[in-house]
Every structure is written in C-alpha cells, then in structure tokens.
Amino acid sequence: MSAPRGGPVLSLDTLVRLGRGLRAPGPVLRLPVPEGMTAPLGCDAVAMPARLGHRVMTRLPRVGCVYADGTHWWWLVPADSDQALEWPAPAQYATGAVVPDAGRLPELVHRPEGTLPYTPPIPLYLALCRVTGTAPSWSRPVSA
C-alpha cells in the first residue's frame, strides 16, 4: 500500500500546538489577564516554588502579572515562551496559563503599570537559572 498523496502536510509547530490542545477532562483553571490589560501575544505562565519567587522578582528589570498561592508563584509570559528554552527545575511551564491540579485560582500579587501583563521571558529565564544555580541551556556544552 502507498501513502495517500495530496493530503495536508503538518509542520512540527502545528503538531506541537495540536498536542498542547489535548487536555485531561475536568475543569480548567486559567490565570486571567486583569481587566484593562490586553494579551496580544497570548498567555502562558511559568510557575516556580514560592520560596524562589521574591528572589527572582528582585532580579528582574520589568515584572508583569504575578499570581501566588501558598506553594507557587505564577508569572504571565507571552505564548510560546518555551520555544528553544529548557526552563530549569523546579519551574513548570504552563501552556495557556492553565493552573494544573488547583482547586482555586492563585491570587494576583503584582500588576504592572500599563496594559501588557507579561514578564519578559528571557530575563525571567536568566533570573530563574541564577537562583537555581542552573546554567542557561545555550551555555551548556554540546555533546556530539
């Protein structure tokens, strides 16, 4: 048998987006963009343990919307901020700013001035690498 010809060709980006669209059934809690703000680039979130939150915040030139609960701080970033970045453990990347395994939404603890809710992802990534003692992925040796 031969493969059908003329069918749609899906790029890797399309396959990744389709895979991200698959979710377990049940209620989905998504961090909201505060009223009066816009998210023209879409929203994802980076979660980190609460014990790291303040240390990361003090290292950032600009802080967007930050949400917190008793165990994590959640930072809104533009969608697809995980492309080509390996966020260091114990951070968790949340596509669509979905808060997994939460009974309620975390509380907004920081709102920036202006209309954009984002923390710039590269400074956030570098600050998180710094406080976790992790080398940024682009500075690690490449094995053959």
Looking only at heavy atoms, what is the nearest atom pair of [X] and [Y], with distance?
X    : Y    : answer
E35  : R111 : O-NH2, 2.8 Å
A50  : G70  : CB-O, 4.1 Å
G36  : T115 : O-CG2, 3.8 Å
P120 : P123 : O-CD, 3.4 Å
P112 : M37  : CG-CE, 3.6 Å
R51  : P90  : NH2-CG, 4.2 Å

Quiz item: Which residues satisfy the side-chain hydrogen bond (donor to acceptor under 3.5 Å, both in side chains) test with T71, sequence neighbours excluded?
Solution: D69

Would [X] end up clustered with [Y] when hydrophobic side chains under 4.5 Å apart are linked, directly or stepwise?
X    : Y    : value
L126 : V46  : yes
W75  : L41  : no
V109 : V131 : yes
L128 : W74  : no
L29  : L31  : yes

Any chance you could measure [X], atom [atom1], to [Y], atom [atom2], to the nearest 0.5 Å?
X   : Y    : atom1 : atom2 : result
M57 : T119 : CE    : OG1   : 7.5 Å
H72 : Q92  : NE2   : CD    : 4.5 Å
L76 : D44  : CG    : CG    : 9.5 Å

Give every donor-acceptor pair under 3.5 Å between a side-chain atom in residues 58-68 and any protein atom, sequence neighbours left out.
residue	atom	partner	partner atom	Å
T58	OG1	R55	O	3.0
R59	NH1	R55	O	3.1
R62	NH1	Y118	O	2.4
R62	NH2	L116	O	3.1
Y67	OH	P32	O	2.2

Quiz item: Parallel, tilted or perpendicular: which describes the rings of W138 and Y125, with under 30° parallel and over 60° perpendicular?
Solution: tilted

Mind checking whether [X] and [Y] have side chains closer than 4.5 Å, heavy atoms only?
X   : Y   : answer
Y93 : L85 : no
R30 : C43 : no
W87 : D82 : yes

